[in-house]
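Notes follow once the structure below has been shown.
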Amino acid sequence: MDLIYEVISEEKIELCRDLCNELMVFQKSNAYIKADLFDTMNFETRLLPSLKSAVHNHIVIVRDGDRIVGYVYSNISPKEAYSNNFATFFDLTSIIRKNVGCLSQFYIKVEYRQYGVGSKLFNMSLEWLKQFEDVDDYFIFVSNGNLNALEFYKRKGFSVSHDILDGFITVLRSHKQS
Ligand SMILES: CC(C)(COP(=O)(O)OP(=O)(O)OC[C@H]1O[C@@H](n2cnc3c(N)ncnc32)[C@H](O)[C@@H]1OP(=O)(O)O)[C@@H](O)C(=O)NCCC(=O)NCCS
């Protein structure tokens, strides 16, 4: 496979629309707790608002020729962004710094999985996240029923912290090594 990895600017986020919507459908199909919550989640309601509320954004897409076959979206956001009407994602008092890092959205088309593409995108994201000297805490939120992703992140060094929304989401955490 001759794949191209491309970091794109926020202005080009439209390129991720279809894959983001595919990710939401995928997550709904796996979920056994509150799966209906995904009905209102899509590119417009999830990705665009996250981009706007973040302090820094990082988007990588993977191209196979003209076709976009995967993307990962990470951001640095004020910790307060994670306590809202929807949920409190983690105990804000457990974070000393102002901002936290998050690997927020991650999706690779099914026929491109298991070839190391995910590991490459994960490493690019973490490298980007870890360059911010004033950020020590990193989060990933995995929806219920996605054991594959949960195990993937655990193997990459993240630990399960807790569940929220009655198990709808599992919160994974990692702390910068000094
Ligand atoms: C989670 C996800 C991003 C992982 O991407 P991926 O490209 O499959 O990841 P990798 O190929 O790097 O790693 C997956 C496995 O393939 C193995 N692998 C990597 N390269 C390989 C190769 N050349 N040959 C055989 N196996 C390989 C890895 O060792 C890894 O094995 P492990 O799971 O036992 O550790 C992908 O499965 C995905 O998009 N899933 C659907 C969406 C999703 O769940 N997103 C996360 C939401 S929180």
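Both ligands and their constituent atoms are indexed starting at 1 by order of listing. Worth saying up front: this structure is predicted, and the values here are computed from it rather than measured.
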Kindly indicate whether atom 30 (C) of ligand 1 is approached by any protein heavy atom to under 4.0 angstrom.
-> no
Shortest non-hydrogen pair, Thr170 vs Val160, comes out as CG2-CG1, 3.7 Å
Residue-ligand contact Phe122/ligand 1, heavy atom below 4.0 Å = no
When distances are taken from atom 19 (C) of ligand 1, the protein heavy atom at minimum range is Gly116 N, 3.4 Å
Side chain to side chain contact (heavy atoms under 4.5 Å, CB included), paired with Val100, selected from Ile95, Leu92, Asn75 = Ile95
Residues Asp137, Arg173: salt bridge by 4.0 Å N-O rule = yes
To which of Phe26, Tyr107, Tyr71, Tyr153 does the heavy atom nearest atom 46 (C) of ligand 1 belong?
-> Tyr153
Heavy-atom distance to atom 24 (N) of ligand 1: which of Lys109, Gln114, Glu22 wins?
-> Gln114
Taking atom 13 (O) of ligand 1 as the reference point, the nearest protein heavy atom with its distance | Phe152 CE1, 3.7 Å
Does any N or O atom in Ala149 lie less than 3.5 angstrom from one in ligand 1, N or O only?
-> no
Please report which non-hydrogen protein atom sits nearest to atom 35 (O) of ligand 1, along with the residue it belongs to and the distance in Å to one decimal place.
-> Arg155 NE, 2.6 Å
Show which atoms of ligand 1 fall inside a sub-4.0 Å distance from at least one heavy-atom site of Gly118.
-> 5 (O), 6 (P), 7 (O), 9 (O), 12 (O)
Ligand 1 N/O within reach of Ser119 N/O, cut-off under 3.5 Å = yes
Among all protein non-hydrogen atoms, which one is nearest to atom 44 (O) of ligand 1, and what is the separation to 0.1 Å?
-> Asn146 ND2, 2.8 Å
Within 45° of the axis and under 6.0 Å from the centre of the six-membered ring of Tyr138, does NZ or CZ of Lys130 qualify?
-> yes
Distance-only N or O hit between ligand 1 and Ile108, under 3.5 Å | yes
On a heavy-atom basis, the closest approach of Ile8 and Cys16 is CD1-SG, 4.3 Å
Taking the six-membered ring for Trp and the single ring otherwise, decide whether the centroids of Phe139 and Phe89 are under 6.0 Å apart.
-> no
What residue and atom, counting heavy atoms only, is the protein's closest point to atom 40 (N) of ligand 1, and at what distance?
-> Arg113 NE, 3.5 Å
So, Asp136 and Arg97, do they make that salt bridge, N to O below 4.0 Å?
-> yes
Between Lys98 and Pro78, is there a donor-acceptor pair closer than 3.5 Å when you use the side chain of the first and the backbone of the second?
-> no
If hydrogens are left out, which of Tyr115, Phe106, Phe141 has an atom nearest to atom 45 (N) of ligand 1, that is, the closest non-hydrogen atom?
-> Phe106
Protein non-hydrogen atom below 4.0 angstrom of atom 21 (C) of ligand 1 present = yes
Residue among Phe141, Phe43, Tyr73 satisfying side chain to side chain contact (heavy atoms under 4.5 Å, CB included) with Gln105 = Tyr73
Residues Arg67, Glu111: salt bridge by 4.0 Å N-O rule | yes
Distance to 0.1 Å, residue and atom name: give those for the protein heavy atom nearest to atom 1 (C) of ligand 1.
-> Asn148 ND2, 4.3 Å
Closest non-hydrogen atoms of Phe106 and Phe122, given as atom of the first, atom of the second and distance, are CZ-N, 4.0 Å
Please indicate whether any nitrogen or oxygen in Ile140 is less than 3.5 Å from any nitrogen or oxygen in ligand 1.
-> no
Lys156 to ligand 1: N or O pair under 3.5 Å?
-> no
